[in-house]
Amino acid sequence: MSIKILVANIGSTSFKFRLFEMETETELVSGGADRIGQDGGILRFNRPGRNEEKQPQSYSNHGEAVRDILQRLVASTVLESLGDLDAIAFKAVMGGDLPPVTKVTEEVLSQMEYFSPVAPAHNPPYVAAMRMFAEVLEGTLLVAAFDSGYHHTNPERRRRYAIPAEWADSYGVKRYGYHGASHRYTARRMRELMPGADRVISMHLGGSSSICAIKSGVSVATSMGLSPQSGLPQSSRVGDFDPFALDLLRRGANLDTDEILRILGSKSGLQALSGTSGDMRDIEDAMDRGSPAAILAFDVYVTAIRDYLGAYLAELGGADAIAFTGGIGQKSDKVRKSVCRGLAFAGIALDLEKNRSTRKENRIDSEDSRTAVWVLETNEELIVARQAAELLNASKRN
């Protein structure tokens with residue numbers, strides 16, 4: 001019997017999904033709703049081999065969107081009934097030290113709620129959605145595949161801050177890392193493309209960005225820490241930031257801590273530096289017009305990437321391959337060129353024409369580069385579906 005798994009990707013005002021048949025790993029349908037709770041929403045359905053269906057559709061809340069889309073899956077005969085769904089898999093974000101892939105229970109939801117202040121844009125809507133699915137699909141397995149789970153293999157020296165041990169042991173203040181599904185995909189895909197590539201540096205660059213050092217398929221270091229606001233500058237989130245600035249801002253700008261954290265988590269990053277939306281396409285357009293602020297934002301972003309790249313070359317003792325993925329990593333040849341500039345001493349050199357023309361999966365290093373450089377098209381949802389299928393099969397065996 002084929003296994004059907006629906007992967008749910010929840011945003012603060014969106015619900016996206018992909019439905020997989022896991023025997024052949026075929027995507028049956030994808031789509032979702034945006035602007036939930038707002039006017040002007042669009043509902044999208046995309047079945048392979050057909051034109052995308054989209055129509056105006058506004059939902060007052062996520063529960064309404066979830067119920068309607070599930071009914072449409074049955075009405076469109078993609079599913080004979082909701083009973084055909086073997087599992088709902090969530091690309092969840094933060095669960096602390098919970099197992100990387102686990103059945104959703106009240107204990108799991110409670111742990112996610114505890115860490116909501118660390119991932120305020122992610123954990124609350126996921127918890128709400130998980131409760132909705134449990135109500136609508138009573139008895140269907142719900143699986144949380146935590147984005148931080150792939151990095152549980154990082155050594156303790158990479159997971160701990162220089163703080164009192166009680167803060168880590170009792171309150172969970174540690175480095176966790178994120179984008180685990182994307183970095184896990186890179187690890188698997190690179191082993192298929194280059195079986196001998198034991199040392200891989202995975203660069204997930206997009207609206208949210210992180211870098212991961214991979215040894216023998218396993219994460220050994222990653223740039224994000226306790227929260228998704230850390231590491232590289234993000235589109236609208238600050239990245240690495242000195243916490244002692246909080247008191248200066250409280251006294252100087254007359255802001256309370258909650259407001260400072262809100263600004264750091266949603267009004268900072270490349271958006272604040274560049275004066276644009278924070279989208280790299282807008283930043284590059286502004287750079288072409290000579291905007292000093294956009295040039296600064298681009299340079300800050302690339303410098304941070306190069307800092308982590310150098311650190312991970314040291315951690316791994318060099319790299320067999322570097323992989324760029326995510327919206328920026330896959331589509332911005334300017335970012336890739338700037339990141340790899342002047343690194344011939346480390347055995348990294350691009351073929352400039354391949355780099356300029358590549359937007360899909362392709363190798364873009366020059367013939368004299370000792371390190372392979374790849375552009376990959378990540379598939380986080382397929383990784384999450386695989387993890388859910390593995391958990392489902394294990395539960396059946398037991």
Side-chain angles (χ1 to χ4, degrees), residues 150-151 153-155 157-158 175 177 179 182-206 209-225 230-233 239-240 280 295-326 328-359 361-376 378:
Y150 180 57
H151 307 297
T153 52
N154 284 192
R157 62 185 170 83
R158 286 284 184 184
R175 300 178 189 272
H179 297 135
S182 180
H183 293 307
R184 190 186 297 271
Y185 176 85
T186 292
R188 292 191 181 187
R189 185 60 180 146
M190 287 309 306
R191 299 194 94 167
E192 294 169 353
L193 293 169
M194 294 182 62
D198 190 53
R199 303 164 300 169
V200 175
I201 297 177
S202 172
M203 297 195 178
H204 178 99
L205 307 179
S209 301
S210 69
I211 302 176
C212 179
I214 299 169
K215 176 73 172 176
S216 302
V218 172
S219 171
V220 296
T222 192
S223 58
M224 283 181 169
S230 56
L232 302 175
D240 286 339
M280 185 54 66
I295 293 169
L296 175 63
F298 184 91
D299 288 346
V300 167
Y301 183 63
V302 168
T303 297
I305 296 170
R306 285 165 63 90
D307 286 348
Y308 277 103
L309 173 58
Y312 294 165
L313 287 171
E315 176 69 33
L316 295 171
D320 301 306
I322 296 170
F324 288 91
T325 191
I328 296 173
Q330 184 182 332
K331 296 175 182 177
S332 177
D333 58 287
K334 289 182 179 178
V335 168
R336 297 192 300 258
K337 179 181 176 181
S338 297
V339 167
C340 296
R341 183 187 67 252
L343 295 182
F345 74 93
I348 301 167
L350 294 185
D351 180 308
L352 296 181
E353 177 53 33
K354 287 182 180 178
N355 178 58
R356 186 195 62 78
S357 60
T358 292
R359 297 294 182 272
E361 182 176 278
N362 194 31
R363 185 169 173 173
I364 60 171
D365 54 286
S366 65
E367 291 184 1
D368 58 348
S369 180
R370 298 195 305 273
T371 301
V373 183
W374 285 84
V375 173
L376 300 182
T378 192

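Hydrogens, waters and symmetry mates are skipped; everything else that's a heavy atom, side chains included, is used. Along the sequence shown, residues are numbered consecutively beginning with 1.
- Considering only residues two or more places apart in sequence or on other chains, Ser202 meets the side-chain hydrogen bond (donor to acceptor under 3.5 Å, both in side chains) condition with His183, Thr186.
- Residues satisfying the salt bridge (Lys or Arg N to Asp or Glu O under 4.0 Å) criterion with Asp307, sequence neighbours excluded, are absent altogether.
- Judged as a side-chain hydrogen bond (donor to acceptor under 3.5 Å, both in side chains), and not counting sequence neighbours, the contacts of Glu315 are Arg157, Arg158.
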Between His179 and Cys212, is a side chain to side chain contact (heavy atoms under 4.5 Å, CB included) present by the stated rule, with each step listed?
CA-CA 9 Å; His179 297 135; Cys212 179; over 6 Å; no
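- Using a distance-only test at 3.5 Å, with no hydrogens or angles considered, no donor-acceptor pair links the side chain of Thr371 to the main chain of Asp320.
- Looking at Arg359 and Asp333, a side-chain N of the basic residue comes within less than 4.0 Å of a carboxylate O on the acidic one, giving a salt bridge.
- Listed by chain and residue number, nothing satisfies the side-chain hydrogen bond (donor to acceptor under 3.5 Å, both in side chains) test with Arg191 (two or more places apart in sequence, or in another chain).
- Sorted by first and then second residue, the side-chain hydrogen bond (donor to acceptor under 3.5 Å, both in side chains) pairs involving residues 340-353 (not counting sequence neighbours) are Glu353-Arg356.
- Using a 4.5 Å heavy-atom threshold, the side chains of Phe324 and Val373 count as touching.
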Stepwise side chain to side chain contact (heavy atoms under 4.5 Å, CB included) test for Phe298 and Lys334:
CA-CA 10 Å; Phe298 184 91; Lys334 289 182 179 178; 4.2 Å; yes
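- Every residue two or more places apart in sequence or in another chain was checked for a side-chain hydrogen bond (donor to acceptor under 3.5 Å, both in side chains) with Lys331, and none qualifies.
- Residue Met280 holds its CE atom at 4.5 Å from CD1 of Ile328, rounded to the nearest 0.5 Å.
- With a 6.0 Å radius and a threshold of 12 heavy atoms from other residues, nucleotides or ligands, Lys337 has its NZ atom at or below the threshold.
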